[in-house]
Amino acid sequence: MARHLITSAIPYINGIKHLGNLVGSQLPADLFARYLRGRGHEVLFLCATDEHGTPAELAAAKAGKPVADYCAEMHDVQAKIADGFGLSFDHFGRSSSAQNRKLTQAFAGRLHDQGLIREVTEEQVYSVTDGRFLPDRYIEGTCPNCGFEDARGDQCDNCTKQLDPTDLINPRSTISGATDLEVRTTKHLYLEQSKLKGQLADWIDSKGDWPILTTSIAKKWLTDGDGLQDRGITRDLDWGIPVKDGDKDWPGMEGKVFYVWFDAPIEYIACAQEWVDAGKGSDWESWWRTDKGAADVRYTQFMGKDNVPFHTLSFPATIMGADDNWKLVDYIKSFNYLNYDGGQFSTSRGRGVFMDQALEILPADYWRWWLLSHAPESSDAEFTWDTFTQDVNKDLSDVLGNFVSRITKFCRSKFGDAVPTGGTEGPAEAALIEELTRRLKAYEGHMDAIEVRKAAAELRAIWVAGNEYLQATAPWTTFKTDPEQAACQVRMGLNLIRLYAILSAPFIPDAAKTMLAAVRSDDADWPTDIAAALHALPAGHAFDVPENLFRKITEAERDDWAERFAGVRT
RNA sequence: GGCGCGGUAGCUCAGUUGGUUAGAGCGAUCGACUCAUAAUCGAUAGGUCGGGAGUUCAAGUCUCCCCCACGCCA
């Protein structure tokens with residue numbers, strides 16, 4: 001038994017995520033966690049909401065609520081939806097937790113002690129009306145380059161020229177529209193990542209088994225331009241973790257908070273503390289401190305490609321810089337984007353399917369199966385209603401669901417609601433066992449390597465093998481001349497249901513539960529021997545004929561949904 | 001403009017360190033079966049492996065140039 005720490009990139013608090021976000025981190029992380037638990041390993045699977053920063057403040061203001069209340073509410077909303085998708089977090093924490101506040105401040109203090117923090121005085125745009133400094137993207141004005149009137153402070157959307165907020169003509173605040181902007185001097189802390197560049201580069205170079213997407217992005221940031229840049233880790237905001245030097249005040253930093261990207265990854269650690277404080281566990285340090293038991297933990301992170309730089313460089317720089325026995329990540333699984341019907345999912349324009357909507361129209365397993373079997377691993381992938389409907393109907397309803405249906409119903413009609421007795425196994429059964437043994441090994445190999453699509457394809461082939469067996473042995477024909485032999489074939493088929501329940505659980509946990517319940521089994525141990533697993537249900541063991549596992553999606557539904565999710569969200 | 005990931009059968013994708021007739025699933029066509037959610041199983045599918053040049057006895061698989069899509073950065 002090994003110990004596995006798994007984290008999914010933590011979703012930002014303002015709003016409900018779409019399916020592209022889901023398949024890029026939380027869902028494959030859950031797949032991996034469920035698989036490892038199924039195989040008997042010790043797993044700590046953590047996720048949280050990322051709650052600090054300007055967007056949360058603005059979203060709260062828009063909702064007319066104090067930001068802390070807004071975050072608390074949205075955390076519950078996201079937790080409920082995550083639960084709806086069967087995301088099996090051991091704890092779903094909050095980056096605004098007391099644990100994270102203390103830990104983030106402690107990290108800053110430690111990094112300061114290690115000589116990796118410097119103070120930088122810089123000029124930023126301040127909005128008198130809003131009473132706050134404005135991040136670049138919250139300033140708009142006329143582009144000095146092309147005359148476009150709604151150019152943002154960081155870039156002109158019309159001519160794509162990169163801008164500095166002070167370049168804009170007639171700048172205004174996008175928060176209030178205020179034009180009484182002025183440039184003020186402010187002081188911030190910078191994490192001197194550049195000092196760790198060599199150490200980070202050596203570390204990345206040692207990870208030859210990481211996805212090329214992960215390492216290529218990391219190396220690019222390490223070497224691009226002047227190389228890895230020092231990074232500001234504080235902001236002039238109200239909503240965030242107050243800047244402190246450990247538990248001491250930080251002179252000159254009064255009223256400032258840590259930048260959200262500094263405290264968010266630290267929440268991975270703090271979340272383990274929250275897990276303990278919530279009474280779910282007893283020793284978070286054995287997962288995170290290499291001097292306290294975490295040396296033998298394998299830590300795997302899941303994230304979309306946009307998060308890779310922070311997880312390959314920024315957060316490791318924090319860990320390495322602290323030089324205090326914190327656990328570094330062992331494997332980073334990153335994903336490309338899932339596109340929606342020829343374009344991108346768009347949160348702002350409500351284009352595509354969002355997590356809450358998805359659960360409103362279909363059970364979680366449908367989404368889990370399709371998204372995972374089409375995970376954007378090697379390149380961007382595409383969601384279309386046509387392929388979604390086709391694939392789900394074929395794989396889940398026809399291949400798996402119908403298999404369960406045909407064998408249980410046939411057995412009931414000929415033998416009754418219990419596993420039948422009699423008959424002897426022959427070449428067909430031996431061939432089935434040989435094939436499943438081979439495929440199980442391949443399935444495990446792909447799951448161990450977190451090759452999500454390949455694992456899904458192998459699982460599907462395992463389902464197909466059951467239909468092939470039934471087709472080849474044809475118990476409905478055998479029954480006419482040799483009922484005993486037909487009983488043996490049916491017995492095999494019923495045992496396959498239990499096997500499929502166990503192997504499929506990481507992908508489609510709800511259906512797996514239904515299948516296991518149908519054969520009235522509570523033995524969900526991962527099979528080590530297929531032959532033995534196919535004899536787990538003895539003759540005489542009662543079972544139930546379940547409702548159809550997966551109803552089919554109709555063409556009318558497909559067309560209706562395609563139209564409903566094409567445009568502006570209501 | 002620089003960089004990154006891709007561009008393989010109608011669709012979605014596999015293709016180890018270059019080496020026999022380039023693979024799978026879906027769709028399509030034909031056939032088998034009738035237990036089952038008009039489900040299943042089998043067979044067939046002849047794609048200049050984005051384009052061009054090169055290295056090699058041999059390239060989808062290496063080198064160079066170009067084109068296209070997406071993304072990151074300037």
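In what follows, every chain begins at residue 1, and chains take the letters A, B, ... in the order their sequences are listed.
Close to B:rA39, at under 4.0 Å from its OP1 or OP2, lies a side-chain N or O of A:Lys552. Contact annotation: A:Lys454 side-chain N/O to B:rG15 OP1/OP2 distance is under 4.0 Å.
Base pairing annotation: B:rU63 forms a Watson-Crick or G-U wobble pair with B:rA53, both donor-acceptor distances under 3.5 Å. Shown here, B:rA24 forms a base pair with B:rU12; the pair counts as Watson-Crick or G-U wobble because both key distances fall under 3.5 Å. When Watson-Crick and G-U wobble pairs are counted only if both distances are under 3.5 Å, B:rG4 pairs with B:rC70. Nucleotide B:rG46: unpaired (no Watson-Crick or G-U wobble partner with both distances less than 3.5 Å).
Atom C1' of nucleotide B:rU16 and atom NE2 of A:His446 are separated by 12 Å, given to the nearest angstrom. In this entry the distance linking CG of A:Leu432 with P of B:rC41 reads 14 Å, nearest Å. A straight line from CD of A:Glu468 to C1' of B:rA24 spans 13 Å, rounded to a whole angstrom. Summarising the geometry, the separation between CG on A:Asp386 and C1' on B:rG10 is reported as 12 Å, rounded to the nearest angstrom. Computed from coordinates, the A:Gln471 CD to B:rU34 P distance equals 9 Å when rounded to whole Å. Residue A:Asn402 contributes atom CG, which lies 10 Å from atom P of B:rA36 at whole-angstrom precision. The nearest whole Å value for the distance from the CZ atom in A:Phe335 to the P atom in B:rC5 is 18 Å. The distance between atom CG of A:Asn467 and atom C1' of B:rG42, rounded to the nearest whole Å, is 13 Å.
Toward the 5′ end of RNA chain B lies the nearest nucleotide of A:Asn336, the other residue of the pair A:Asn336 and A:Arg551 mapping further downstream. Residues A:Cys411 and A:Lys305 both approach RNA chain B. Their nearest nucleotides, taken by heavy-atom distance, put A:Cys411 toward the 5′ side.
Nearest nucleotide to the A:Phe550 side chain, out of B:rC33, B:rU37, B:rC11: B:rU37. Distances were taken from every side-chain heavy atom of A:Trp476 (C-beta onward) to each of B:rC41, B:rU34, B:rA36; the shortest belongs to B:rU34. In the set B:rC41, B:rA36, B:rA39, B:rA36 carries the atom at the smallest distance from any side-chain atom of A:Arg406.
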Each nucleotide N or O in nucleotides 26-30 of chain B that has a protein N or O under 3.5 Å away: list the pair and distance.
from	atom 1	to	atom 2	distance (Å)
B:rC26	O2'	A:Gln390	OE1	2.8

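B:rU8 and B:rC73: their C1' atoms are spaced 30 Å apart (whole Å). Rounded to the nearest Å, the gap between the C1' atom of B:rC49 and that of B:rG7 is 10 Å. Using C1' as the reference atom, B:rU55 and B:rG15 are 23 Å apart when rounded to the nearest Å. Comparing the C1' positions of B:rG18 and B:rC57 gives an interatomic distance of 12 Å, to the nearest angstrom. Taking the P atoms as reference points, B:rG46 lies 14 Å from B:rA9, given to the whole Å. Nucleotides B:rC35 and B:rC70 place their C1' atoms 48 Å apart, quoted to the nearest Å. When the P atom is compared between B:rU17 and B:rC5, the two are found 15 Å apart, to the nearest whole Å. Between the P atoms of B:rG6 and B:rG10, the separation comes to 22 Å (whole Å).
Residue A:Leu470 is out of contact with every strand shown, counting any heavy-atom pair closer than 4.0 Å. A:Asn548 comes within 4.0 angstrom of a nucleotide base, judged by non-hydrogen atoms across all strands. Residue contacts shown for A:Val490 are absent, as no nucleic acid heavy atom lies under 4.0 Å away.
Environment of CD in A:Glu360: crowded, with over 12 heavy atoms of neighbouring residues, nucleotides or ligands closer than 6.0 Å.
The stacking criteria are not both satisfied for A:Phe410 over the base of B:rC35, which would need a centre-to-centre distance under 5.5 angstrom and an angle between ring planes under 30 degrees.
Checked against side chain to side chain contact (heavy atoms under 4.5 Å, CB included), A:Thr477 has the following partners two or more places apart in sequence or in another chain: A:Ala474.
A:Tyr443 does not carry A:Lys441 over the face of its six-membered ring by the limits of under 6.0 Å from the centre and within 45° of the normal.
Using cut-offs of 30° and 60° on the angle between ring planes, the pair A:Trp369 and A:Trp463 is tilted. Using cut-offs of 30° and 60° for the angle between ring planes, the A:Trp385 and A:Phe383 rings count as perpendicular. Using cut-offs of 30° and 60° for the angle between ring planes, the A:Trp367 and A:Phe388 rings count as parallel. Between A:Phe302 and A:Phe335, the two ring planes are parallel [angle under 30°; tilted spans 30° to 60°].
Between A:Arg460 and A:Asp395 there is a salt bridge, since at least one side-chain N of the basic residue sits less than 4.0 Å from a carboxylate O of the acidic one.
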Throw together a table of side-chain donor-acceptor distances under 3.5 angstrom for residues 510-520 of chain A, partners on residues two or more places apart or in other chains.
from	atom 1	to	atom 2	distance (Å)
A:Thr514	OG1	A:Asp510	O	3.1
A:Arg520	NE	A:Asp544	OD1	3.4
A:Arg520	NE	A:Asp544	OD2	3.0
A:Arg520	NH2	A:Asp544	OD1	2.7

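Judged by distance alone, with hydrogens and angles left aside, the side-chain atoms of A:Asp417 form no donor-acceptor pair with the main-chain N or O of A:Arg412 at under 3.5 Å.
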